[in-house]
Amino acid sequence: MTPSTALPAAVTAYFTLMDTTEKRDIVDLFTADAVVTDDGRSYRGRGQIAAWLDTAASEYTVTSTRLSAEVVGGTITVTTRLEGNFPGGIVDLRNVFALDASGLIESLLITV
């Protein structure tokens with residue numbers, strides 16, 4: 001299958017909302033039993049994802065730049081560069097999304 005860079009609506013909305021100070025609405029982009037894995041920790045279900053958004057995902061002030069995006073089948077991989085007031089100050093992250101049939105995010109893996 002040829003890779004595409006047109007991102008699904010939920011993924012585009014995720015990055016748009018992550019660039020705001022009010023990240024709470026992001027939880028609506030996930031399925032009820034979705035899993036987010038970030039920094040070696042997994043957050044299951046909307047309750048834990050909401051807690052992640054309020055704590056670890058909001059701990060630092062950052063700006064993000066999308067470096068690349070690829071859609072292959074049901075896997076969406078977006079590489080972003082974060083710059084901010086966290087240790088090291090700059091990091092490139094690989095965000096791997098899987099969506100359900102309705103277009104909601106059922107899993108997100110964030111790695112370096």
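The figures here come from the full heavy-atom set of this structure, side chains too, leaving out hydrogens, waters and symmetry mates. One-based numbering along the sequence shown. Please read these numbers as outputs of a predicted model, since none were measured by experiment.
Looking at heavy atoms from C-beta onward, V91 lies in side-chain contact with F86 at the 4.5 angstrom threshold. A heavy-atom distance below 4.5 Å is not found between the side chains of E70 and T79. Side chains of S42 and V36 form no contact here, defined as non-hydrogen atoms less than 4.5 Å apart. T63 places none of its side-chain heavy atoms less than 4.5 Å from the side chain of T65. Put simply, the side chain of V71 reaches to within 4.5 Å of the side chain of L7, judged on heavy atoms.
If you look at F30 and Y43, their ring centroids are not closer than 6.0 Å.
In the hydrophobic cluster analysis, where Ile, Leu, Val, Met, Phe, Trp and Tyr join through side-chain heavy atoms closer than 4.5 angstrom, Y60 is grouped together with L53. V96 and L93 fall into different hydrophobic clusters, where Ile, Leu, Val, Met, Phe, Trp and Tyr are joined by side-chain heavy atoms under 4.5 Å apart, directly or via other members. In the hydrophobic clustering of ILVMFWY residues, with side-chain heavy atoms under 4.5 Å counting as a link, V27 and V35 come out apart.
Classified by interplanar angle (parallel below 30°, tilted 30° to 60°, perpendicular above 60°), the ring pair W52/Y14 is parallel.
Counting heavy-atom neighbours within 6.0 Å of D39 CG, excluding the residue itself, gives a total of 12 or less.
Across all non-hydrogen atoms, the minimal contact from R66 to V78 is CG-CG1, 3.8 Å. The two residues L17 and K23 make their nearest non-hydrogen contact at O-CG, 4.0 Å.
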| said: Is there a side chain to side chain contact (heavy atoms under 4.5 Å, CB included) between N95 and T77? Walk through the geometry before answering. | reply: CA-CA 6 Å; N95 303 267; T77 303; over 6 Å; no
| Where do T80 and S64 land on the side-chain hydrogen bond (donor to acceptor under 3.5 Å, both in side chains) test, with the steps shown first? | CA-CA 6 Å; T80 57; S64 67; over 6 Å; no
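We find that R24 and D54 are joined by a salt bridge, their nearest charged nitrogen and carboxylate oxygen being less than 4.0 Å apart.
When the salt bridge (charged side-chain N to carboxylate O under 4.0 Å, His left out) test is applied to D92, the partners found at least two apart in sequence or on another chain are R81.
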Show every donor-acceptor pair shorter than 3.5 Å between a side-chain atom in residues 98-112 and any protein atom, with sequence neighbours excluded, or say none if there are none.
residue: D100; atom: OD1; partner: S102; partner atom: N; Å: 3.0
residue: D100; atom: OD1; partner: S102; partner atom: OG; Å: 2.8
residue: D100; atom: OD1; partner: G103; partner atom: N; Å: 3.0
residue: D100; atom: OD1; partner: L104; partner atom: N; Å: 2.9
residue: D100; atom: OD2; partner: S102; partner atom: OG; Å: 3.2

